[in-house]
Amino acid sequence: MIFYTIFMKRIVVISTIFFGAACAMAQAASTTQNITGANDTPNYRRYLELADSAKYYIGKENWSEAARCTREALRIDPGNVGNVMLFNNLGLATGMEGKIGEAMQCFEIALSRAPKSIPVLTSKAKIQIKASDTEGAMETLDSILELDSISEWPLQTRGLLRMREADYKGAFSDFKKLTTYHPDNIWGHGGLAKCMEMQGYLSEAAGYYADAISKTKPEDEDRVEFQLGLIENLGHVGKLTDALSVAKEAIEEHPHDGRLYLLRGWIKKLLLIYREAEADKKLAIDYGVDYQTVERFFPENR
């Protein structure tokens with residue numbers, strides 16, 4: 001389908017943003033809660049201060065300063081039990097800097113001390129995805145889901161990765177579980193729609209796209225992608241009046257998205273409303289839709 005590439009690009013965005021600074025901060029925030037010290041000594045106070053500074057810099061996505069503070073804290077008290085999370089945060093910071101080998105070493109140290117730590121495994125999976133290590137990320141996500149079979153981010157991310165690898169059966173299973181246990185997660189419904197679409201089950205795909213749209217608000221950036229998917233699938237299965245209705249609402253919400261005019265024009269062409277179809281085609285071009293995309297819906301006569 002025409003918007004498959006756009007949809008799949010969301011894997012990178014979700015894997016980075018969804019588990020970005022906010023999640024990093026949540027992990028880092030637990031660091032000092034796990035740190036213990038026998039006495040209130042100057043060294044211990046400095047250790048806590050550095051750990052808190054690292055948390056602050058992670059929240060600001062200042063990875064180099066986060067790594068510096070964490071390394072200094074580890075040098076002050078290398079035996080503290082709270083160092084599991086410090087090594088986790090150091091792995092996250094160095095990984096985001098692109099130092100993947102160092103990051104993996106940090107995660108392995110943390111996991112050698114806490115092999116079932118979901119926060120550490122989650123950080124590791126995120127950096128593996130950033131490094132395009134799909135196989136490694138899948139193994140790590142499997143490990144997380146063995147510990148917590150309904151954990152939201154791992155289910156969502158594994159489903160997206162499975163779909164990218166054309167494992168639609170596996171992806172469908174993850175997305176189905178996601179919709180069951182996390183019904184407000186739009187990518188559960190959106191993922192189910194794309195799995196059905198890629199296998200040619202267009203009526204089913206349209207239903208799942210409608211479910212995904214119902215979970216979003218007009219200002220949500222992914223809503224238009226689901227609307228595009230719904231319009232196209234309705235068009236392919238011959239529900240042209242329904243497709244036009246969806247297109248009308250979508251254009252009211254996103255009046256500057258040329259792809260919506262393109263699909264509305266395509267639907268009008270199928271309804272033999274040629275003059276209006278050509279007008280929508282022109283609007284799509286005016287709003288920047290590329291020639292190849294336009295030609296797929298309005299092929300030139302040769």
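Along the sequence shown, residues carry numbers from 1.
Between R158 and E146 there is no salt bridge, since no side-chain N of the basic residue sits under 4.0 Å from a carboxylate O of the acidic one. Salt bridge absent: E278 and K282 never bring a charged side-chain N and a carboxylate O closer than 4.0 Å. Taking 4.0 Å as the cut-off between side-chain N and carboxylate O, E49 and R45 do not count as a salt-bridged pair. The pair E108-K124 meets the salt-bridge criterion, with a side-chain N (NZ, NE, NH1 or NH2) lying under 4.0 Å from an Asp/Glu carboxylate O.
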Next on the checklist: Checking W153 against L141 for the side-chain contact (heavy atoms from CB on, under 4.5 Å) test, could you report, in this order, the C-alpha distance in whole Å, the side-chain angles of both residues, the deciding distance, and whether it holds?
Outcome noted: CA-CA 9 Å; W153 184 81; L141 291 167; 3.7 Å; yes

Next on the checklist: Y208 vs N233, test: side-chain hydrogen bond (donor to acceptor under 3.5 Å, both in side chains). Steps then yes/no.
Outcome noted: CA-CA 11 Å; Y208 286 125; N233 280 274; over 6 Å; no

Next on the checklist: Under the criterion side-chain contact (heavy atoms from CB on, under 4.5 Å), I'd like the reasoning laid out for N43 against D77: C-alpha separation, chi angles, the key distance, then a yes or no.
Outcome noted: CA-CA 8 Å; N43 271 355; D77 192 352; over 6 Å; no

Item to check | CA sep, side-chain torsions, deciding dist, call: Y47, L86, side-chain contact (heavy atoms from CB on, under 4.5 Å) | outcome: CA-CA 11 Å; Y47 174 82; L86 287 186; 3.4 Å; yes

Checklist entry - Yes or no on side-chain contact (heavy atoms from CB on, under 4.5 Å) for Y181 and L155, after CA distance, side-chain angles and deciding distance? => result CA-CA 10 Å; Y181 294 101; L155 276 174; 5.6 Å; no

Next on the checklist: Please determine whether side-chain hydrogen bond (donor to acceptor under 3.5 Å, both in side chains) holds for the pair R162 and S173, giving the CA-CA distance in whole Å, both sets of side-chain angles, and the decisive distance to 0.1 Å.
Outcome noted: CA-CA 10 Å; R162 281 176 162 175; S173 176; 5.2 Å; no

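Within the 4.5 Å cutoff, no side-chain heavy atoms of K126 are placed close to those of I129. The shortest distance between side-chain heavy atoms of F87 and R113 falls below 4.5 Å. Annotation: side chain of L178 is not in contact with side chain of L192 (no heavy-atom distance under 4.5 Å). Side-chain contact between V224 and R259: present, with at least one pair of heavy atoms (C-beta onward) separated by less than 4.5 Å.
Q128 and T140 share a side-chain donor-acceptor pair at under 3.5 Å. Side-chain polar atoms of E232 and Y209 form no donor-acceptor pair below 3.5 angstrom. Defined by atom type and a distance below 3.5 Å, a donor-acceptor pair is present between the side-chain atoms of E253 and Q227.
Heavy atoms only, all atoms of each residue included: H254 and P218 are closest at CE1-O, 3.3 Å. Residues L240 and G235 come closest through the heavy atom pair CD2-O, 3.8 Å. Residue Q156 comes nearest to F175 through the heavy atom pair O-CE2, 3.9 Å, listed as atom of the first residue, atom of the second, then distance. Nearest heavy atom pair, residue A51 against residue A73, reads N-CB, 4.5 Å. Contact detail for K130 and M96: the closest heavy-atom pair is CE-O, 3.6 Å. Contact detail for A125 and A137: the closest heavy-atom pair is O-CB, 4.1 Å.
Looking only at distances, a side-chain donor or acceptor of S143 sits under 3.5 Å from a matching main-chain atom of E139. Remark: side-chain polar atoms of D220 are not paired, donor with acceptor, to backbone N or O of R223 under 3.5 angstrom. The backbone N or O of P78 lies less than 3.5 Å from a partner atom in the side chain of N83, making a donor-acceptor pair. Between the side chain of Q199 and the backbone N or O of C195 there is at least one donor-acceptor pair closer than 3.5 Å. A donor-acceptor pair under 3.5 Å is formed between the side chain of H182 and the backbone N or O of I150. Put simply, the side chain of S245 never gets that close to the backbone of D242: no donor and acceptor are under 3.5 Å apart.
Taking NZ of K194 as the start and OH of Y168 as the end, the distance is 9.0 Å to the nearest 0.5 Å. For the atom pair CG (L260) and CG (L283), the distance works out to 11.5 Å, reported to the nearest 0.5 Å. Between the CD1 atom in I213 and the CG atom in L230 there is a gap of 4.5 Å [rounded to 0.5 Å]. In this structure, CD1 in I186 is found 4.5 Å from CG in D222, a value given to the nearest 0.5 Å. Taken from CG in D133 to CD in E135, the straight-line distance is 7.0 Å, to the nearest 0.5 Å. To the nearest 0.5 Å, the span separating OG1 on T94 from CD on Q105 amounts to 9.0 Å.
Residues that satisfy the ring-ring contact (aromatic ring centres under 6.0 Å, His included) test with Y287, not counting sequence neighbours, are H256, Y261.
When each of V84, L121, N88 is paired with L111, the side-chain contact (heavy atoms from CB on, under 4.5 Å) condition holds for L121 and for no other.
Residue K239 qualifies as open at atom NZ: its count of foreign heavy atoms under 6.0 Å is 12 or below.
If you look at H236 and W266, their ring centroids are closer than 6.0 Å.
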